[in-house]
Amino acid sequence: MSTLYEKIGGQATIEKVVDAFHNSVMADNNLKSFFAKTDMAKQRAHQIAFFSQLLGGPKQYSGRPMDKTHTGMKLSDQHFEAISNYLSAAMSTSGVSAEDTSAAMAKVSSLKAAILNK
Ligand code: HEM
């Protein structure tokens with residue numbers, strides 16, 4: 001059975017998704033300040049590895065776990081929603097089908113409690 005990672009086009013699609021996602025986040029005045037001190041090249045590599053792994057691709061993520069990464073950011077439901085919406089839109093514009101996008105977003109939603117540290 002093919003994984004979601006394979007279905008959407010593997011690494012190449014995930015790279016496109018992460019680039020479109022980062023462009024949207026960094027153009028949003030309510031979100032970009034969170035990343036003021038972030039090395040975005042490293043962030044890009046970690047996001048690509050993280051999403052690949054989350055969707056059943058190679059286990060190559062070497063960053064921190066989601067709760068530790070987002071500790072102290074005082075994130076709200078609205079922040080999570082805004083980021084999720086950009087991610088979902090980035091998948092659509094990168095050619096991921098509606099069905100695969102919603103399956104991927106279900107996996108992202110399952111991380112909500114850890115990311116919000118709740
Ligand atoms: C929607 C689900 C989210 C996922 C799947 C996610 C995933 C990640 C990943 C994989 C990293 C890299 C960790 C590392 O390099 O060790 C990261 C870092 C980061 N995330 Fe998220 N994140 C999410 C939501 C959010 C939200 C809502 C915010 C704030 C609005 C946010 C802000 C950040 C920041 C600022 C960093 C970089 C921290 C640093 O510079 O060290 N994330 N995230």
Side-chain angles (χ1 to χ4, degrees):
M1 203 182 74
S2 67
T3 61
L4 198 47
Y5 172 81
E6 289 167 302
K7 273 175 85 184
I8 69 169
Q11 195 76 9
T13 303
I14 294 193
E15 287 182 11
K16 259 208 245 178
V17 169
V18 168
D19 287 338
F21 170 55
H22 281 179
N23 285 341
S24 301
V25 171
M26 298 312 277
D28 185 323
N29 288 330
N30 293 321
L31 298 175
K32 68 179 180 195
S33 55
F34 282 98
F35 298 89
K37 291 185 181 147
T38 298
D39 173 343
M40 290 308 287
K42 188 171 154 201
Q43 176 75 356
R44 178 180 186 271
H46 279 181
Q47 288 282 19
I48 291 167
F50 183 82
F51 289 123
S52 298
Q53 190 166 315
L54 185 68
L55 304 186
K59 294 206 186 323
Q60 54 184 3
Y61 178 66
S62 61
R64 295 157 293 165
M66 288 299 96
D67 53 350
K68 289 216 166 55
T69 295
H70 300 94
T71 293
M73 291 187 196
K74 298 199 170 82
L75 297 180
S76 64
D77 281 14
Q78 285 74 15
H79 292 123
F80 188 84
E81 192 106 323
I83 291 270
S84 297
N85 287 342
Y86 284 134
L87 189 56
S88 172
M91 286 195 240
S92 301
T93 57
S94 303
V96 178
S97 70
E99 191 193 348
D100 291 343
T101 297
S102 79
M105 292 313 296
K107 289 188 185 287
V108 171
S109 294
S110 73
L111 304 169
K112 183 172 175 177
I115 289 170
L116 298 185
N117 278 263
K118 282 179 179 160

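Order of listing sets the numbers, starting from 1, for every ligand and every atom in it. Predicted model only: the values in this text are computed from it and were never measured.
- Residue contacts with ligand 1, taken as heavy atom pairs separated by less than 4.0 Å, do not involve D39 at all.
- Comparing L75, L111, N85 by heavy-atom distance to atom 28 (C) of ligand 1, the nearest is L75.
- Among protein heavy atoms, atom 15 (O) of ligand 1 sits closest to H46 ND1, 2.4 Å.
- Within the 4.0 Å heavy-atom criterion, neither part of L87 lies near ligand 1.
- For atom 21 (Fe) of ligand 1, the nearest N, O or S atom contributed by H70 is named NE2.
- Contacts between I83 and ligand 1 below 4.0 angstrom, taking non-hydrogen atoms only, involve the side chain exclusively.
- Contact annotation: M66 has at least one heavy atom less than 4.0 Å from an atom of ligand 1.
- When the options M40, R44, Q43, M105 are ranked by their closest heavy atom to atom 19 (C) of ligand 1, first place goes to Q43.
- Considering backbone and side-chain N/O of R64, one or more are found under 3.5 Å from N/O of ligand 1.
- Of the polar atoms of K37, none of the N or O atoms is found under 3.5 Å from an N or O of ligand 1, judged by distance alone.
- Close contacts between ligand 1 and G63 involve ligand atoms 16 (O) [criterion: under 4.0 Å to a heavy atom].
- Under 4.0 Å from ligand 1, the heavy atoms of Q47 that appear belong solely to its side chain.
- Nearest approach of F35 to Q43, heavy atoms of both residues: CE2-NE2, 3.7 Å.
- If you check each of F80, F51, Y61, F34 against atom 35 (C) of ligand 1, the one with the closest non-hydrogen atom is F34.
- Using a 4.0 Å cut-off between heavy atoms, L54 makes no contact with ligand 1 at all.
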